[in-house]
Structures are given as structure tokens and as C-alpha cells.
Amino acid sequence: MYSIKVEQLVRHFGKNVAVDDISFKVESGEIFGFLGPNGAGKTTTINMLTTLLRPTSGTALVNGYDVGKQQALVRQSIGMIFQDASLDDKLTGRENLLFHGMLYGLSADDFSDKAAKLLDMVELTDRAEEVVLNYSGGMKRRLEIVRGLLHNPNILFLDEPTLGLDPQTRRHIWDYLITLRERQGVTMFMTTHYMEEAEHCDHIAIIDDGKIVGLDTPEALKAMVGGDIIMAITDDNEQASLRLQNSHGVDTRKGPDNQLIIETERGDRFIPEMMSVLTDQTQGNISVKSVYLRCPTLEDVFIKLTGHAMRDQNAVDKDKVRSGMRRWRGR
Amino acid sequence: MARALDKPSDNIMEMLKRNVRGAYTIWYRDIVRFKRDRVRMFSSLGMPIVYLFVFGSGLSPAMREMGGGNIDFKQFMFPGVLTMTVLFTSVFSAVSIVWDREFGFLKEVMVAPVSRVAVALGKVAGGSTVSLFQGLIVLLLAPVLGVNLSISQIVSLIGLMVMLAVMMTSLGILIAARQKSMEGFHMMMNFVLLPMFFLSGAFFPLRGVPVWMYLLSKLDPVTYGVDPLRQVSLQALVPPDLMHTVSLNPVTYNVMMMASFSVLFLIPAVWLFGRQE
């Protein structure tokens, strides 16, 4: 059973190709993650799947309904949590929910039942009569999750659900989402550019420059990197790289902060060998300042698949500006 | 995984019901927000009071000397101030969808199973209701100015204000339909709304003005709102022959013009707003 089926979906903005011929399927009941840098086409994809944008070409079935032709049916059967806050902050939490219930045609009984249960789950029952303006960022997100689920959607779409939240709140939101899936079996489709977050997903599609470059479980994706990652800092990285290439035939790449990154199987055994090669007196001693061994992350997968890092400093800064703006917009 | 879900329906009646309910929700939200915003409710009395009692009182003697006759300038201005209140409230309510689009609630509405047409119509209803309320608050000033109104006059005034409100909210939505930022709105404000307001004859009679101004005022939808409001509110105070010099068209003609402008604004507004990107 698939909740979402996407075939050869394309979206242009003028001459720009935001989404370039992507195809994928999302199984019912799973958490499916769309991982990629800002501007990769994540939000454009989610907007097409939720009928906010019209695809330039290709098809997408959501709950079996065509996003191009059966918009009302698609909308009735999905819930959406937006990247930016979409609550009316002059209204109370409950009023925000009430309007949602009205838009989706919930009966009064249905509404109060469902609202009470969900508010309880996210621990907002006590604050429901307060104006949203007084809510913290985390509370707003929780209320939006409740709102997105109020009409019993089969699929919940989440566009960067934890962007701009502090790590503790982020963890909290994830606890709710995971509980939710266990209790209600809702399919979740989410976009993110946080690697740690993508780890929670059952399947991840890695998207870069409008194309899906990899799609699998987090474990399988990480297995593509193969073995372990060694990060070393030496006196002369170029020389060290050359020497390791000659002695063991391993490829190295440059990491941040002048690090040398080596992908290899059994890193624990490779380190002593590496040390003896690098400190070999006959070839001249390369002094090694630090060595660090770790398991591969999705970041490594991303680099392997695209040839570039996902988050440069620039993107991090932009992110800070965004969350700052969000606070400012908080009126 | 099996889930209890009412199967959404494609049925025409269902669709109609859903959209009426959707429009009602949008309207209801505007009303709840307005009720909550007591400050706005009363601060909106500020401008009318300033215009009537400072501007109006200041110009009154000069107007009389220049041969304004028996009509008090404050009383002359009153329908203009009523128009001002309704006009700006309507346009601002409608333009709030630009704000909503970027920072909030509109996105929630856009993914709901409600058509854009219903959303736009709900917004027209909401903006119009709010500006009618504001107009009614200003109407409370009438006795202070010595403009005593009968029940039938009040009913007519309410009808006219509703028409003016619907026309201007539709124009507001037309302006806001494709706009992505508030910056463009200030341009609109300075180059469309203010000229519209001043050319409407709200603060001076349009008899005897230069030809270009007279012609522009004919094209100005607001003209057809001020004129009947003035005729109805001053009907008991101003003798018919004097009324003739300060009014332009028969009330029914004005009403028809407002209705035509409303349709003229509303159709492209709904169309532009409803177009999916």
C-alpha cells in the first residue's frame, strides 16, 4: 500500500527548474524524509503534493487522488504543517483549532472530542484558551501539529517542522511525532535539512538541485559510504594523502578545519597502519596532530552522492537570519 | 493501516456545503478578530473626530463667508467622513490577505478543502461587515453635529454603507490578489486610494470644479458612495434647492453605479485570487 506515488514530477519557475523529474513512492504508515540543502526543491515538491502549486508536468497521487485534478479530495485527506508559522496569533489556541474544524467540516462533537485528545497529547490543554501571541515557538509548533491532525488525515505533511526551534524543543516535537505514528498510524512526509532529524525517518530521499540523488533507509544509505570515517589533522595533508594512496590505495578528501577525511572499512585497524605509514622515517616524518574515528553520517552520504557538502557556513547564517525574522514577524 | 475516515465526497451538494461553510469561516474569523480588537474599534473614531471637529470647525467660518449659505461645513463633511471610515476599513481588511499570505493564516486556508472563490467571497463579507460596524460607530457622532436621523434614514444609510463597503473590499482584494509584499500597498495607498477619496467630493462639493477634476470624479467609484450618503443624511437639514447644488446624481443612479463597480472589481478579484500558481 502506497500513500503517495510520484512519477516524473517537474516544476519550472520561469526558466528555473526547481524540481527536475523526480519519482518516488511513500508507503502507508511510514515516515518519509526529504533531505537536502535550502533551495534544493523540497518546499516546491511539498507544495505540489499539497495542491498549493501546479506541477509543470508529471503526476502525483496522494491517497490515490490526483493532485492536479482532485484537489478538494487531496486536501480533505491530508494535514499540513508549514515551514513558517501559519496560526492566527490574535486568536486563542482553541479558536485556531475551531476554525480549522469548520474549514474541514467537523461536527461540534467530533471537534471537541478530537481537540481534547490531541491537546492532551501535546500538553497544551491548560493553555488552549490563551491568545497564540503569548505562545513560545515550541508551543506554536505543537498547536500546529494538533491542527494538522484534527480532521483525521491519512497523511501529515511537515515542511521543516523544527526549523528555528532550540534543540530541546526539537527533540520534544520528535517525541510527539513518533508517538503519533505509533498510536495513529499516520503517514508522514517531511522535508528537512537537519541530518540528525532525517535519521528518524524510515526512508530518506536525498534531493539536490531538484533531483533525487539517493533514496533508501538511513542505514542502507550510510552503508553506501562503506565502513568508517577517519578524520585526521596532520602537518602536511597533501603529502599524507599521497602517501596513503600509494601504500593502501585509499582515497581521501578534504574536510572542514583543515581535516583529512578517509573512508575505510575497519577504521580501528586502519589507524595504527596509517600512523606507521605517516611517521615512516625513511620517507620523512609527517607529524599527526589528531585522529578521530566515527561512523558515517548522512552528511557523508550526501557528499558522496553530490560531491559537495550540504551545509556551508553561508546556509547556516541564512538559517539564523530566517529564525530571527520569524521572531520579528511574531508581531 | 486501516483508519477511520469519512471518505471525502465529490458530490455537488457536498461541495457547495463545504464552500458555504468555508466562506462563513473566513467571515467569522474577521468578526472574532474585530470583536477582540477593542483598541482598533475606538481608535478608528480618532480620525473622523479630528476631521470633523478640527478640520471642519476650522474651515466652517471661511466656508460661510465664501457663501456656503445655511449649510454647516461640519454637517456637509459628515457623510464624507462616514465614507472615509468605510472606505479605508474595507480596503485595509481586504489587503490584510497580503499579510496573511506571507505570515500566516492564509496558507492554512489555502490547503483546506475550500475553493478560492469561497475564500475570496468570505473575505469580502468579512471586510464589509467590519467596515459597516466602523461606519455605525461614526454614525453615533451624528447627533453631536446636529444631524438628527430618523429610523428610515438610518436604514438607508446602512444599506448604502454596505454597498460602499462591498465595492471597496472587492477593490481591496483585487489590489491584494497577486501581491506578495506590503510594499506595493503603500504605493497603491498614495496613488490610488487617497486620490480616489479626495476626488469623490467627500470634503468639497463637486459643482463648479475644473473640468478635469469633474471628469475624473465621474470615473471615481467613491463618488457614487459619497453622493447618496450625503443626500440621505442631510435630507432633513438642507432645503431641496440647496441640496441640488451639493449633490450630483439621483440616489438610485448612485446605487446602480456602486453595484456595477462592485461586479467590475469582484470578478477579476476572485479570478486572480483563485488562480493556482
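Scope of the values below: all heavy atoms of this structure, side chains included, with no hydrogens, waters or symmetry mates. Lettering follows sequence order; numbering is per chain, from 1.
- Chain A forms more heavy-atom pairs under 4.5 Å with one residue of B/Gly22, B/Ala23, B/Ala112 than with any other, namely B/Ala112.
- Heavy-atom distances place no part of A/Glu144 under 4.5 Å from chain B, backbone and side chain included.
- A/Met102 touches chain B through backbone and side chain together, each having a heavy atom under 4.5 Å away.
- Partners of A/Asp88 under the side-chain hydrogen bond (donor to acceptor under 3.5 Å, both in side chains) rule, at least two apart in sequence or in another chain, are B/Arg29, B/Arg33.
- Taking 4.0 Å as the cut-off between side-chain N and carboxylate O, A/Lys90 and A/Glu95 do not count as a salt-bridged pair.
- Side chains of A/Ser77 and A/Asn154: no donor on one and acceptor on the other come within 3.5 Å.
- In terms of heavy-atom pairs under 4.5 angstrom with chain A, the leader among B/Lys17, B/Arg36, B/Met110 is B/Arg36.
- The residue among B/Asp37, B/Leu106, B/Val32 with the most heavy atom pairs within less than 4.5 Å of chain A is B/Val32.
- Contacts of A/Phe82 with chain B are made by side-chain atoms alone, with heavy-atom separations under 4.5 Å and no backbone atom involved.
- No side-chain heavy atom of B/Thr169 sits less than 4.5 Å from a side-chain heavy atom of B/Lys123.
- For A/Ser86 and A/Arg147, the side-chain atoms include at least one donor-acceptor pair closer than 3.5 Å.
- When heavy atoms are compared at a cutoff of 4.5 Å, A/Thr56 does not approach chain B at all.
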